[in-house]
Amino acid sequence: MSISGKSAAGTETARAEFLRLQDMLLAADIAYHQKDAPEISDADYDRAKRDYLSLLETHPDLAEIATWSEQVGAPVASGFGKITHAQRMLSLGNAFEDSDVADFDRSIRNYLGLGPDAALAYTAEPKIDGLSLSLRYENGVLMQAATRGDGSVGENVLANARTIADIPQEIPGAPAVLEVRGEVYMSHADFDALNARHAERGGKTFANPRNAAAGSLRQLDAEITRARPLRFFAYSWGELSEALAPTQTGAIARLKAFGFQTNPLTRRCDTTDALISHYKDIEAQRATLGYDIDGVVYKVDELALQARLGFRSTTPRWAIAHKFPAELAWTRLEGIDIQVGRTGALSPVARLAPVTVGGVVVSNATLHNEDYIRGLDSKGEDIRSGKDIRIGDWVQVYRAGDVIPKVADVDLSKRPETSEPYIFPHCCPECGSDAVREEGDAVRRCSGGVICPAQAVEKLKHFVSRAAFDIEGMGAKQVEQFHTDGWVKEPADIFKLAERYGTGLQQLKNREGWGDTSATNLFAAIDEKRNIEFARLIFGLGIRHVGEVGAKDLALHYLNWDALAAAADRARPAAVAHRAADEAEERERIKAQSEGRRAKVKETRDAATASCAVPTEAAAAWEDLTGVDGIGPTLGLSLSDAFANEHERAAFDRLLAELTVIEPDAPADDSPVAGKTVVFTGTLEKMTRAEAKARAESLGAKVSGSVSKKTDILVAGPGAGSKAKKAADLGIKTMDEDGWLALIGDA
DNA sequence: CAGCCTCGAGTTCC
DNA sequence: CTCGAGGCTG
């Protein structure tokens, strides 16, 4: 089935062949995704896909009649280029209650140092339920259209954005660089018409306008997007070569003048009461707006204040989304399954009679943990007026944040008489080991450790996941298959796959789910990751409490594997002593409680530590480890345990033998205060303490509350007292607020 | 030592 | 996206 002809006659043949392949792929997708029953073998599917794509390459005109595109789950080699946002596209914090809005206002006033009665204006606008899009204009010409992606890197859907009537192609008189952000959405009327059209032709229909908009915007063929009635509201901006206006309100007016649609329900509000009242207004109009909204967004109006407030790790401090109450649905709870996670956590999942909630059919929902089923929260307080959840119950389901299905409530009047309280298993459903719940812990965990196959599989899934080794073509399914076969028991085995089983690929090729291409691609993808960044390696190990951020912190501190392993080894005696002290303290607490007296915490800890005789070297290594920003005793202990466990350590060594670790660059110092420890004391007149801290940290400085030997700079305002004196005694560089601002170039 | 913020680990559906 | 818990700040 090789196709190469480009002659006129060849083109006719190519066209027919193209349509044949397209039908085959579409049918196979439907069979696979909707009926869960593949009609052709994966090898045939792979071959058809490859031929289809190569035809499309040799005959670009075929794009006009192309309707098949690779689905989610296929290798990421989609037709869209990656775009790194000049300014990150963040999400918003949420408010559900009026009191959350009051908290939002209070924390802003705190941060800015404003009293409760000082003037502070906000804007309020409907939150459109669509997809956000960032449009970049250079010298007034639309150059890029990027989806949000993970917030840092999105996809360029420029060709598709150009087909949207609400998006101007050119903006005369725009700043040299103008990034406009807003929401792509589909109106109810257009959505209904589109689905009717699709249904008529026997095509698939979309579950809701949001999915329809998302599916339309991500078409590889812009002509398909053109036929979809997408719209766009502008509400924000990214990089700008010049400011649009001094206020949010003014900036939105400018965007409107540039030719964008802006939401007519956007209002400026002077008080939180005005915000809430506008929220109620919008909520009342919700059904007649003609498009989906899921709440109201509040923003600080003054842009200078927005700049001062800045951002937390994932959300701006100056904006919040006040969400409408979630849609609810009732259905029957048919069963409760227990899943075993990577750390051994047993999580109950509700199996539900399928029900539509918020435009999506839901048949699974999380039940969180043992206590949640019983009707208790983490503090042991009643959350469902005493009602537990039982199999057979009529339960109320909603999608938390309009995404994750949750079981919220139970209808006791419909409870079967024969029903009994659910008994949470006390042993692991996968390996049979005891499942224990530690004091004060909400989760029950399988104690099987290395012998539990479920934990092993989940650890492997974690290892290949996006933030860890990110091995393309090796997803959950493949990991499960390889593990069942006994080919991959631990991460190191992944790198031995080709050598052990791949000669000629014969064994793999004959398996279900594997074609020639996918096997070759997989081995290439695996080889690619033999060179791995140190932080990804640490994260990939799956040590409890060591997540993406903790792994990065450790990588930056220790720089290479040997240093990390040596630190863990050296600190071991101190780690053991720390745990002994913890346990002694726990025993003392229990004893003190039963004797009705206060626990002697400090004495107990000291005694326990003393009896362990920790060498100074170990104590120093432990101090160094737990002194890393964000690394405390819990994480330190967990790390120490992993390296001290001989099974785990041997597995680490086997893995390391397969890899070349890319070590991080030593921290750059492009700012005069990078890496310095700074203390602020006295009254600050040009900024609040929170602001000063956030600004210093953004420049790579560490801000501390007290002066010590480690302090590099003391910034002393008027009224500085003991700290200034101590700094003088220690000979620490001291400056006033202006000196600091000059140093960091913020004068 | 309490209260905040961030992180980790869990989850669903497309 | 949410919850719980770890770590840091005031």
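Values below: all heavy atoms of this structure, side chains included; hydrogens, waters and symmetry mates excluded. All chains are named by letter (A, B, ...) in the order of the sequence lines, taking the proteins before the strands, and each is independently numbered beginning at 1.
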* Quick check: are there more than 12 heavy atoms from other residues, nucleotides or ligands sitting under 6.0 Å from NZ of A:Lys387? -> yes
* **Nearest-Å distance for atom pair CG/P, residues A:Asp129 and C:dC1** => 11 Å
* To do: Tell me whether the centres of the aromatic rings in A:His462 and A:Phe539 are closer together than 6.0 Å.
  => yes
* Among B:dT12, B:dG8, C:dC3, the nucleotide that comes nearest once only the side chain of A:His368 is considered -> C:dC3
* Hey, does A:Gly215 reach any base, or is it just sugar-phosphate, or nothing, if we go heavy atoms under 4.0 Å? -> nothing
* To do: Nearest whole angstrom, please: distance from the C1' of B:dC4 to the CG of A:Asn110.
  => 12 Å
* Asked: Heavy atoms, side chains only, cut-off 4.5 Å: are A:Val296 and A:Phe324 in contact?
  -> yes
* For residues A:Ile293 and A:Asp129, determine if any side-chain heavy atom of one lies less than 4.5 Å from a side-chain heavy atom of the other. => no
* Where the side chain of A:Val349 is concerned, which of B:dT12, C:dG7, C:dC3 is the nearest nucleotide? -> B:dT12
* A:Phe96 or A:Thr626, whichever maps to the more 5' nucleotide of DNA chain C -> A:Phe96
* Asked: Hey, does the side chain of A:Asn364 come within less than 4.0 Å of B:dC13's phosphate (OP1/OP2), counting only N and O?
  -> yes
* In whole Å, what is the span from the CZ atom of A:Arg444 to the P atom of C:dC3? -> 22 Å
* Asked: Parallel, tilted or perpendicular: which fits the ring planes of A:His578 and A:Trp622, with parallel below 30° and perpendicular above 60°?
  -> tilted
* Asked: Below 4.0 angstrom from OP1 or OP2 of B:dT11, is there any side-chain N or O of A:Gln339?
  -> yes
* Structure fact -> From the candidates B:dC14, C:dC1, C:dG4, the one with an atom nearest any side-chain atom of A:Ile404 is C:dC1
* To do: Consider the side chain of A:Ala442, meaning its heavy atoms from C-beta on, and name the nucleotide among C:dA5, B:dC14, B:dT11 that approaches it most closely.
  => C:dA5
* Interatomic distance where NE2 belongs to A:His545 and P belongs to C:dG7 [whole Å] -> 8 Å
* **Side-chain heavy atoms of A:Leu133 within contact of A:Leu217, under 4.5 Å** => yes
* What does A:Arg399 touch in the nucleic acid at a heavy-atom separation under 4.0 angstrom: a base, only the sugar-phosphate, or nothing? -> nothing
* Asked: Is the shortest heavy-atom distance from the side chain of A:Tyr398 to the side chain of A:Val407 under 4.5 Å?
  -> no
* Proximal nucleotide (of B:dG10, B:dC14, B:dT12) relative to the A:Pro405 side chain -> B:dT12
* Select base, sugar-phosphate, or nothing to describe what A:Val443 touches, counting heavy atoms under 4.0 Å on all strands. => nothing
* For A:Ser347 and B:dT11, is the shortest distance between a side-chain N/O and OP1 or OP2 below 4.0 Å? -> yes
* Closest to side chain of A:Thr343, choosing from B:dA9, B:dG8, B:dT12 -> B:dA9
* What nucleotide, of B:dG10, C:dA5, B:dC13, holds the atom closest to the side chain of A:Ala345? -> B:dG10
* Structure fact -> Taken to the nearest whole Å, CZ/A:Arg106 to C1'/B:dG3 is 11 Å
* To do: Rounded to the nearest angstrom, tell me the gap between atom CZ in A:Arg466 and atom P in B:dG8.
  => 17 Å
* To do: Return the 5'-most residue of the pair A:Ser107, A:Gly341 with respect to DNA chain B, ranking by each residue's nearest nucleotide.
  => A:Ser107
* Between A:Val360 and A:Val549, name the one whose nearest nucleotide on DNA chain B is closer to the 5' end. => A:Val549
* Asked: Do any side-chain nitrogens or oxygens of A:Thr634 fall under 4.0 Å of OP1 or OP2 in B:dC7?
  -> no
* Asked: Just how far, in rounded Å, is C1' of C:dG7 from CG of A:Asp553?
  -> 12 Å
* To do: Would you indicate which nucleotide in B:dG8, B:dC13, C:dG7 comes nearest to any side-chain atom of A:Pro633?
  => C:dG7
* Between A:Lys552 and B:dC7, does any side-chain N or O lie under 4.0 Å from OP1 or OP2? -> no
* To do: Please state how far atom CG in A:Asn369 lies from atom C1' in B:dT11, giving the value in whole angstrom units.
  => 12 Å
